[in-house]
There are 2 protein chains.
Amino acid sequence: MNIKSAVMQLSSIAQEARLEIFRLLVQAGPEGLSAGNIGETLQIPASTLSFHLKELSHAGLIHSRQVSRYIYYSANYEAMNGLLAYLTENCCAGTKECAPLSTCKPTA
Amino acid sequence: MNIKSAVMQLSSIAQEARLEIFRLLVQAGPEGLSAGNIGETLQIPASTLSFHLKELSHAGLIHSRQVSRYIYYSANYEAMNGLLAYLTENCCAGTKECAPLSTCKPTA
DNA sequence: TCTATATTTCCATAAATATGGAAATATAGT
DNA sequence: ACTATATTTCCATATTTATGGAAATATAGA
């Protein structure tokens with residue numbers, strides 16, 4: 001992870017609509033949801049949704065795959081965990097002042 | 001944690017200078033560093049640094065305390081962990097598709 | 001091929017954010 | 001009070017980002 005990528009990923013979720021989309025996908029699991037499903041769930045106009053999905057994709061925080069006429073978007077769990085690790089990297093200079101915290105990681 | 005606060009916190013670190021400042025403080029530990037020390041380390045002009053420190057403070061990701069003429073800034077580890085938890089909340093709808101990942105948490 | 005539906009691109013406008021010099025404000029030592 | 005140093009505020013400018021309608025493009029079923 002480098003700082004430019006991290007800023008790009010953070011920027012991509014530092015916006016209300018996109019954070020909602022991302023969390024929805026994190027919770028949806030590896031299968032993901034179609035663009036239409038996301039737009040309907042979150043009440044976001046198609047062009048706006050498309051813009052936000054592209055931002056998230058471009059940052060690498062989500063994946064997309066085509067299934068017939070639908071495009072399914074899903075969280076990129078590996079990227080998410082890489083970002084979290086970057087934020088906490090060498091916390092407290094690695095001293096015992098810092099203890100482990102458990103969070104979520106999808107099974108391969 | 002609510003979405004507005006999360007977006008505010010993410011926005012505050014979704015910028016290269018501020019992410020550098022934040023990571024520096026996360027690594028510095030609970031004691032923190034003075035504004036001058038941060039500016040010198042990262043080569044940021046005083047007015048720009050002040051603007052960024054205010055952004056991080058306002059978002060709640062860092063604390064400040066005055067020590068004589070210096071102002072020491074430090075990471076708010078509790079806020080950071082709250083944000084990470086929000087991002088991964090109910091990951092994969094809580095199914096066994098998701099396994100725990102360990103990251104960093106400062107001891108009280 | 002025709003039609004319906006899904007999604008994206010184009011575009012203009014509106015709004016938010018970043019930058020750093022100069023001046024102002026604090027704090028402490030003499 | 002005077003001086004030196006630390007930090008913030010003010011301000012104008014430059015840059016980036018968000019919005020959504022209309023048109024374009026893709027996909028599949030009849």
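Below, chain A is the first sequence line, B the second, and so on; all start at residue 1.
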Cluster link Leu49(A) to Tyr72(A), ILVMFWY, side chain under 4.5 Å: no
Return the residues of residues 38-62 of chain A meeting this criterion: a heavy atom under 4.0 Å from some atom of DNA chain D. Order them by number, or give none. Pro45(A), Ser47(A), Thr48(A), Phe51(A), His52(A)
Taking side chain as C-beta onward, heavy atoms only, is Met80(A) less than 4.5 Å from Phe22(A)? yes
Heavy atoms only: give me the nearest Gln9(B)-Ser12(B) pair and the separation to one decimal. O-OG, 2.7 Å
Test salt bridge (Lys or Arg N to Asp or Glu O under 4.0 Å) applied to Glu89(B) - qualifying residues, sequence neighbours left out: Arg23(A)
Quick one: side chains of residues 28-45 of chain A, donor-acceptor pairs under 3.5 Å with protein atoms, not counting sequence neighbours, listed by atom name and distance.
unit_1, atom_1, unit_2, atom_2, d
Ser34(A), OG, Asn37(A), N, 3.1
Asn37(A), OD1, Thr41(A), OG1, 3.1
Thr41(A), OG1, Asn37(A), O, 2.7
Gln43(A), NE2, Glu40(A), O, 3.1

Is any side-chain heavy atom of Leu83(B) less than 4.5 Å from a side-chain heavy atom of Leu10(B)? yes
For residues 12-21 of chain B, which residue pairs pass the salt bridge (charged side-chain N to carboxylate O under 4.0 Å, His left out) check, not counting sequence neighbours? Lys4(A)-Glu16(B)
Checking the side chain of Ser11(B) only, and the main-chain atoms of Val7(B) only, is there a donor and an acceptor separated by less than 3.5 Å? yes
Sorted by first residue and then second, give each side-chain hydrogen bond (donor to acceptor under 3.5 Å, both in side chains) pair with at least one member in residues 56-67 of chain B; sequence neighbours left out. His63(B)-Asn76(B)
Heavy-atom distance under 4.5 Å between the side chains of Leu25(B) and Leu56(B), does that happen here? no
Return the residues of residues 2-12 of chain A meeting this criterion: a heavy atom under 4.0 Å from some atom of DNA chain C. Order them by number, or give none. none
Pairwise side-chain contact, Thr88(A) with Leu84(B), heavy-atom cut-off 4.5 Å (strictly under): yes
How would you list, by chain and number, every residue that makes a side chain to side chain contact (heavy atoms under 4.5 Å, CB included) with Asn90(A), sequence neighbours excluded? Gln27(B)
Mind checking the CG-CG spacing from Leu24(A) to Leu19(A)? Nearest 0.5 Å is all I need. 11.0 Å
Using a 4.0 Å cut-off to any heavy atom of chain B, which nucleotides of DNA chain D are the first and last in contact, reading 5' to 3'? dA4(D) to dT9(D)
To the nearest 10 degrees, what angle separates the axes at the start and end of the helix from dT1(C)-dA30(D) to dT30(C)-dA1(D), five pairs each? 30°
The criterion is side chain to side chain contact (heavy atoms under 4.5 Å, CB included); which residues satisfy it with Ser47(A), sequence neighbours excluded? none
With a 4.5 Å cut-off on side-chain heavy atoms, are Ile21(B) and Leu53(B) touching? yes
Does any part of the side chain of Cys92(A), heavy atoms only, come nearer than 4.5 Å to the side chain of Tyr77(B), both counted from C-beta? yes
Sorted by number, the residues of residues 17-26 of chain A with heavy-atom contact under 4.0 Å to DNA chain C: none
Taking DNA chain C as the partner, which of residues 65-77 of chain B come within under 4.0 angstrom of it by heavy atom? Gln66(B), Ser68(B), Arg69(B)
CD1 of Ile62(A) to NZ of Lys54(A), rounded to nearest 0.5 Å, is 12.0 Å
